[in-house]
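Heads up: the structure comes next, in structure tokens.
Throughout, a chain's letter reflects where its sequence line sits, starting with A, and its residues are numbered from 1.
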Protein chains: 4
Amino acid sequence: MLQVGIFGITGYAGYELARWLQRHPQATVAWAVSESNAGSSLAAVVPGPLDLPLLALEDADWGAVDVVFTALPHGVAARTALLAQSHGVRVIDLSADLRLDSAASYQQWYGAAHPDPALLSAPYGLPELNRAALVDAQLIANPGCYPTSVLLGLAPLIAMQAHLDTAPIIVNAASGVSGAGRSLKQNLHFVEANENFSPYNIGHTHRHVGEMEQELGKLAARPLTVIFAPHLLPVQRGILSTMYVQVRQELALADVQRAYGERYAAEPFVRVLPPGQLPTLAHVTYTNQCAIGLTMAQPGLLIVTAAIDNLVKGAAGQAIQNMNVMYGLPETLGLQ
Amino acid sequence: MLQVGIFGITGYAGYELARWLQRHPQATVAWAVSESNAGSSLAAVVPGPLDLPLLALEDADWGAVDVVFTALPHGVAARTALLAQSHGVRVIDLSADLRLDSAASYQQWYGAAHPDPALLSAPYGLPELNRAALVDAQLIANPGCYPTSVLLGLAPLIAMQAHLDTAPIIVNAASGVSGAGRSLKQNLHFVEANENFSPYNIGHTHRHVGEMEQELGKLAARPLTVIFAPHLLPVQRGILSTMYVQVRQELALADVQRAYGERYAAEPFVRVLPPGQLPTLAHVTYTNQCAIGLTMAQPGLLIVTAAIDNLVKGAAGQAIQNMNVMYGLPETLGLQ
Amino acid sequence: MLQVGIFGITGYAGYELARWLQRHPQATVAWAVSESNAGSSLAAVVPGPLDLPLLALEDADWGAVDVVFTALPHGVAARTALLAQSHGVRVIDLSADLRLDSAASYQQWYGAAHPDPALLSAPYGLPELNRAALVDAQLIANPGCYPTSVLLGLAPLIAMQAHLDTAPIIVNAASGVSGAGRSLKQNLHFVEANENFSPYNIGHTHRHVGEMEQELGKLAARPLTVIFAPHLLPVQRGILSTMYVQVRQELALADVQRAYGERYAAEPFVRVLPPGQLPTLAHVTYTNQCAIGLTMAQPGLLIVTAAIDNLVKGAAGQAIQNMNVMYGLPETLGLQ
Amino acid sequence: MLQVGIFGITGYAGYELARWLQRHPQATVAWAVSESNAGSSLAAVVPGPLDLPLLALEDADWGAVDVVFTALPHGVAARTALLAQSHGVRVIDLSADLRLDSAASYQQWYGAAHPDPALLSAPYGLPELNRAALVDAQLIANPGCYPTSVLLGLAPLIAMQAHLDTAPIIVNAASGVSGAGRSLKQNLHFVEANENFSPYNIGHTHRHVGEMEQELGKLAARPLTVIFAPHLLPVQRGILSTMYVQVRQELALADVQRAYGERYAAEPFVRVLPPGQLPTLAHVTYTNQCAIGLTMAQPGLLIVTAAIDNLVKGAAGQAIQNMNVMYGLPETLGLQ
């Protein structure tokens, strides 16, 4: 039985982690740290089904855990990961602190010096694309929610070398409000988010662009440009990315469909929909699945749609999947 | 053309006021004061259809307005009303500061000494029940949202003297989230309020209980007890009150139905639904209407359901209706 | 490994059953029958995470299953239960066909003669109240969603014999739209149900009143009257019942709180909230939990609030709990 | 006072028309025809604030009206427009029957022969682009909801001749559920649409593509290709179109911003947001406004975002605006 510690359990991703870990037959939550609510109980802080004492950092017994999940703001997460490392405890980090490959990139996208660039050697925890590097890893960088949908949605196409560089890849995406976190902001007030739909940080500015371009560039073995337009969607959870890719004129949809089918045939968490079907949030919410649909809009222009639950495949579920890979457990354990 | 000033325009009720006043053929917004956003424009503060400069209090030209609406927190509202009075400007106050009849009652329900008990002589601005007192008034206390639904829903029954005192009147109510205001609170975060339904302050504790009992008591000419259970409802706007009243065993629904029909026959904003129909929020949202349904659950137990839009008949629309009455204008002017 | 058959898998309760059974370590879905979609696959009919072939009734291999769940309209369910019995297969019925104790009561509340009154001897499947009768049962009547919340919410109070009969028990309840089923009706169109809140069938008319009064009457050992006012709530799932009970004047809230705590101390799926806390849908959705809050509105008037997920504790989860009890498995198996 | 007849008042667009016409100082609804509900009253068919008798077609007094609005399915609308013409009554048609320029185009996009191609000479009722043709028109083709957002969003850019033809214009759009109409469909059931987000008819297939390409082509004076990806959004109303346009590399955002500002300076219903601001549904719902935002994603790629209320500027409000233009009334009359 793996003993697990959670940092940031009062946030949406941390809470979701705890919910899924309840079901995991070979892992259990040993303790949860919440600096801002230490001494309280989870049920007193978050009205929901779970309860658990919330510890201060200094009361965390590092000897009692095998691995910790850090569901913390960036910056804080890196410092916590370093602390865990110093105690010989493995880390799966749900923040952005371990995802980028260089301190320069971190500086560019997060506007701050990286707390400890050595952490950036952590493997990128998207098992479908990077499984081998995750086995026995001490540290794993859990991917961002938007990048997960984009990378799973585009990887087989990039591998086909069918896309063109005459235009950037356009990713029009929508995310449920839990993706914006639990902190109070005016635009997340129910009355402002409900019955609304809001583009934000569109163009080449959202922080996840750096992560997407980095990982897509690796797959393509050359730099790619992503134009990214996220929208805030009035639902609890779920991301749908609608991606427009210029491809070779002669590329046939049937060939794309076949390539995706083969690429993901053995993947338990990726589902390529049959021709003519399109993924919706209802295909994936409350699961660790990614659903993908393929449409040839006109010769030379492919639309890939990909849906995930931002809190599951986009955060907590993927983190548990990474833990399973890290420890050589069946990858779907506790994730059904 | 009446010149109008608005205090608290960045709140939901103040903003709604400004929206409706745009349509009013005999009133126009001369200025709007926002202490916290003075110097900014409304569009920069609230993403929505309206724009207007936001003034500091000291820049408000009292000579330019006939009447002000104070859509402010209680306490602040009373001080602003006093200031308006000192400039000879009429006031329609949307806060609770003018609603209760005595300083003692204010102390009991709001937990603070009233800033100036002389203000408590302002007439209660529910035109359907108190029209005569509002004509030419200098000050009007605009009713609370929940009390508006309850008082309109029960007034004809109380007048029939058909209710019994063997049990309190039970008011089970649900309100859209705009009723809780625009300030940031964890339970109003989209993810916490959406897909949720939450009872709060149930029993005999919510501040509107004092207002309901006061006004119902006047109608009954004896004290009445109200047990009140409000619930937070995941919609933008709307209140539905489901009220359980013990009545004389022999009271026939048809007689109740007739009494309600007659009582409200001439009222443009109250609609008594035919037997067997029940009001829903869809009957009233975005209108100044109150819709009422009547059900005899069993001999001796009447259920009255009443729906309003908390921002219109429960706040801004009623305030404009009060302004119309105050100035002798047609009561429905600008409210269709 | 229990082999399970599902009838009605394309409905909300049937689909939810299949989702939870995926996680059950000792049960697996052998087949699913859908008369209206036989020959198709579940994924082609319901856009969601699941897939499964949909069989015609005549293709169901009764020899391959130990137990079937019938999530069918009433009337059809009884006929299917009879058929299962004739094949020696156990039945957990999610319809109303097995819940009432007499054919007369069924006629009264469902307006039709019961297809086979012998089925009415099936035990009522609310394990917290009726566990012993369910062990090794061949047939179980899974309770209605509203009655589950009401019975769990009131059982300890009834057992205290603290309630009075001078007034009926008033149950004001709200249910998410999945409770109304997947069939197309105008009031369930998104635009009509969203941003709305609608009372329906209020008084003493909703079909679940008969079931509530029957089971409460057994607990009280005398007839009780329930006045029931359900409301349609614009959320996917969840029921909140706010119940008003006249009790002895001298009854202290602390005593009620203690009695509830003791009554449910050993129940894994019932949670009595501490004094001052009230249950919300967020406490229970996507779980098999019932959360209960207690408030003394005034001496002699207790308000009990109880929340469940109508599709889990109110339908599919409770059905699996019943299966666990029926077969002597740990009651929480597969339900976390 | 213009006397108005409405066909299709029980649909969402027809009902919205009736709501706005209540406020119009120089128009009044003389009668409303509803073939499927003739003899009933509007309040009995649609639970909402309005009431009105519903007539059969043969009871419509053509002599009593100046103009009719046809908010009917395509096909039926054309036949009704012909009938109105034969009585010398003007028509503003909210269906697609008058929008396309040729019977061939109608056949291509609507899959049926046009009932009477002579009707296709009706002017396209987007006043901001085609005002002169609407004055004194006998027939007006009210635009589609999606096309309204796209045409207002792109017209100034097309006029700048700054866009390139190396790639199609990509329109990623989301619409509230009222855009899909009031008829019952499984995907419009509350439980299926709520908490969901669904792409549909993406590529070059949605019927509005023909209308967009036709009108954009006129503005550009050459054919343009639109790739269109609509998504069903879980809100009552509102359309947001996010449009990706390849433009000349050297085009500066400031120049685009200036051109849009000048183009719409005198338009009461179009609002170009300042640089850095993006439109949301909250900017426009329940108004006849279109709000537009401009973003240069990278040199050569402009993102235009445009928001409208599909039921107002996308249907009923625009129809009233067209009526105002048709009769030489102030264009904003009744639309505030």
Side-chain angles (χ1 to χ4, degrees), chain C residues 10-16 19 34 36-37 40 42-50 71 145 174-200 231-239 281-282 285-286 309-312 314-316, chain D residues 10-16 19 34 36-37 40 42-50 71 145 174-200 231-239 281-282 285-286 309-312 314-316:
Chain C
T10 62
Y12 295 133
Y15 198 89
E16 186 76 8
R19 288 192 76 158
S34 169
S36 47
N37 297 287
S40 187
L42 182 55
V45 177
V46 180
L50 299 182
C145 50
S175 170
V177 183
S178 62
R182 194 166 180 255
S183 296
L184 297 179
K185 294 177 193 159
Q186 196 64 54
N187 70 319
L188 306 183
H189 188 297
F190 179 85
V191 176
E192 326 262 324
N194 185 47
E195 294 291 307
N196 203 354
F197 187 59
S198 312
Y200 64 99
H231 297 70
L232 190 66
L233 180 68
V235 304
Q236 301 290 86
R237 45 170 79 203
I239 282 178
L281 298 190
T285 46
Y286 299 94
D309 184 320
N310 60 298
L311 290 180
V312 192
Chain D
T10 62
Y12 295 133
Y15 198 89
E16 186 76 9
R19 288 191 75 158
S34 170
S36 45
N37 296 287
S40 186
L42 182 55
V45 177
V46 179
L50 300 182
C145 50
S175 171
V177 183
S178 62
R182 195 166 179 255
S183 297
L184 298 179
K185 295 176 191 160
Q186 195 65 53
N187 70 319
L188 307 183
H189 188 297
F190 179 85
V191 176
E192 327 262 324
N194 185 46
E195 293 292 305
N196 203 355
F197 187 59
S198 311
Y200 64 99
H231 297 70
L232 190 65
L233 180 67
V235 303
Q236 300 292 84
R237 45 169 80 202
I239 281 179
L281 298 191
T285 44
Y286 298 93
D309 184 319
N310 59 297
L311 290 181
V312 191

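Ring pair D/Phe190/C/Phe190 is parallel by interplanar angle, where below 30° counts as parallel and above 60° as perpendicular. Between D/Phe197 and D/His231, the ring planes lie parallel to each other; the angle is under 30°, not in the 30° to 60° tilted range.
Contact annotation for D/Val235: only backbone heavy atoms (N, CA, C, O) come within less than 4.5 Å of a heavy atom of chain C. Contacts between D/Arg237 and chain C at a heavy-atom distance below 4.5 Å are absent for every atom of the residue. Only the backbone of D/Ser183 comes within less than 4.5 Å of a heavy atom of chain C; no side-chain atom from C-beta onward does.
With rounding to the nearest 0.5 angstrom, the CG atom of D/Asn310 is 9.0 Å from the CG atom of D/Leu281.
Contact annotation: the side chain of C/Thr285 never approaches that of C/Gln236 to less than 4.5 Å [non-hydrogen atoms, C-beta and beyond].
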